[in-house]
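Reminder, nothing fancy here: chain letters follow the sequence lines and each chain counts from 1. As the structure is a computational prediction, the values presented were derived from the model and not from experiment.
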Amino acid sequence: MRLLLAEDEKELSAALTAVLEHNHYSVDAVYDGQDALDYALTENYDGIILDIMMPKKSGLEVLAELRRSNINTPILMLTAKSEVNDRVTGLDTGADDYLTKPFAMSELLARIRAMTRRRSEFSPNVLSMGRITLNRANFELSGEKASYRLGNKEFQMLEMLMSNPGRLISTEQFMERIWGYDTEAEVSVVWVYISYLRKKLAALDAGVEIRATRGVGYSLEECQ
Amino acid sequence: MFYPRIKSEIREPDPRDEEFYQDKLYILEHVRDVLLRNIEQLRLESEEQQGRDPVDHCKSRIKSALSMEEKLTRRGLPVTLTAALENIRDAVGVRVVCPFLDDVYLVRDWLSGCPGLRLVEEKDYIANPKPNGYRSLHLIVAVPVPMIRGHQECMAEIQIRTLAMDFWAALEHQLKYKQQIGDEETIVAELKRCADETSSTDINLLALRELITAGKEELSPAGSDKQQPEIKKHSALRPSLKRRHQYRHLKEAVH
């Protein structure tokens with residue numbers, strides 16, 4: 001499990017990192033909101049721990065920007081006791097949980113376990129990227145001029161790609177998440193569905209494309 | 001009129017039309033025949049060169065006197081033959097129904113490359129579907145009609161669409177003309193949803209055909225960084241046809 005820890009108090013950060021690593025987590029520690037945002041946007045974490053009071057960008061701003069960018073990683077906010085409004089805003093913006101300082105280490109660990117176990121993702125109803133939107137309520141993929149109604153598997157594939165913009169997703173991950181372990185389907189089915197989606201993105205002049213990386217997988221990228 | 005092989009349906013105009021169009025009817029028939037024969041030629045040549053026909057079927061009509069009169073009235077024009085020939089561009093209508101989406105643009109490219117034919121207007125309701133979900137490619141072409149002194153041009157409308165688009169349009173047309181149904185908004189939204197679903201399948205079938213054409217090795221597990229396989233089908237055509245058929249056009253058009 002890989003965690004991002006954003007906490008500007010260096011000593012607290014070092015202590016937390018040590019305890020988390022002792023508990024078999026990989027930890028990237030950052031010390032301001034801008035770094036937190038950059039790391040969270042480029043790396044794939046299983047959970048993020050965000051302090052609210054941070055230089056450059058507050059934890060709440062980072063949280064809001066991540067959710068706007070369809071990053072659904074579970075997020076735990078660290079707040080001071082007096083910051084009731086921050087806790088409410090945080091949860092409403094898409095945080096999964098919060099912990100008030102000071103806290104017991106055992107409680108932090110339990111909350112991280114609970115949060116990553118739930119993976120109760122904040123999921124906006126409409127995902128957007130480039131010039132397209134994907135509506136989770138009616139499976140409609142829309143461009144500026146036309147729209148298509150996607151089938152179940154196609155929709156799930158594009159949902160995975162749009163929820164993780166720029167991240168590589170392997171054929172195996174698609175198969176496991178969408179077709180399930182016990183499927184009779186051959187792995188080539190993934191390539192067929194990628195072909196369907198590519199054609200539709202092109203027809204919609206989407207401004208995004210599915211790129212393939214040999215031996216690794218597929219990612220959704222902005223067109224250059 | 002002699003056709004090497006008749007694939008296209010031709011409906012003869014009825015006596016009322018002859019009355020309205022008088023001696024100009026032969027001009028309209030000529031225009032229709034020119035268009036049909038050009039399409040016929042594309043079909044023959046494609047079948048011979050690539051072993052597949054880019055056209056499933058083709059329909060044509062001379063606008064009936066009745067609907068021509070209606071249209072003139074609606075536009076506030078005098079109900080005369082002269083007004084009809086000068087202002088109404090779909091007195092001759094041809095509908096070309098294609099199996100696959102890229103065939104639509106292949107037909108368009110072929111027609112606009114035909115000697116004498118002039119593409120006057122193109123409305124791409126495939127890239128820009130109508131709000132109700134209607135999809136089709138509409139062309140207005142000018143067809144030269146030989147006259148004793150020189151020639152004159154006559155306009156015609158060509159609608160090019162896939163079987164899937166035609167299927168939706170035909171059924172939607174039938175439903176629209178049924179008696180009043182309640183819940184108007186729901187029905188309109190559902191018809192559009194059906195159109196968006198149908199065209200999703202339409203694109204998938206084109207993608208499948210390309211995968212099959214490119215050969216089975218393209219159905220490789222992911223990770224292969226092969227881009228969408230190109231269709232290599234037109235390579236056998238003679239150069240002048242090849243130019244007209246370049247896949248580039250299709251790609252641009254489909255996008």
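- Contacts of E154(A) with chain B are made by side-chain atoms alone, with heavy-atom separations under 4.5 Å and no backbone atom involved.
- Atom NZ of K145(A) has 12 or fewer heavy atoms from other residues, nucleotides or ligands within 6.0 Å.
- In terms of heavy-atom pairs under 4.5 angstrom with chain A, the leader among C194(B), S199(B), A195(B) is S199(B).
- Between the side chains of K199(A) and N204(B), no donor-acceptor pair is found at a separation under 3.5 Å.
- In this structure, the side chain of S200(B) does not engage the main chain of Y148(A) through any donor-acceptor pair within 3.5 Å.
- The shortest heavy-atom contact between Y196(A) and I203(B) is O-CG2, 4.2 Å.
- A146(A) and A127(B) make their closest contact through CB-O, 3.8 Å (heavy atoms, listed as atom of the first residue, atom of the second, distance).
- Within 6.0 Å of NZ in K123(B) there are 12 or fewer heavy atoms belonging to other residues, nucleotides or ligands.
- Counting non-hydrogen atoms of other residues, nucleotides and ligands closer than 6.0 Å to OH of Y134(B) gives a total above 12.
- Neither the backbone nor the side chain of E144(A) comes within less than 4.5 Å of any heavy atom in chain B.
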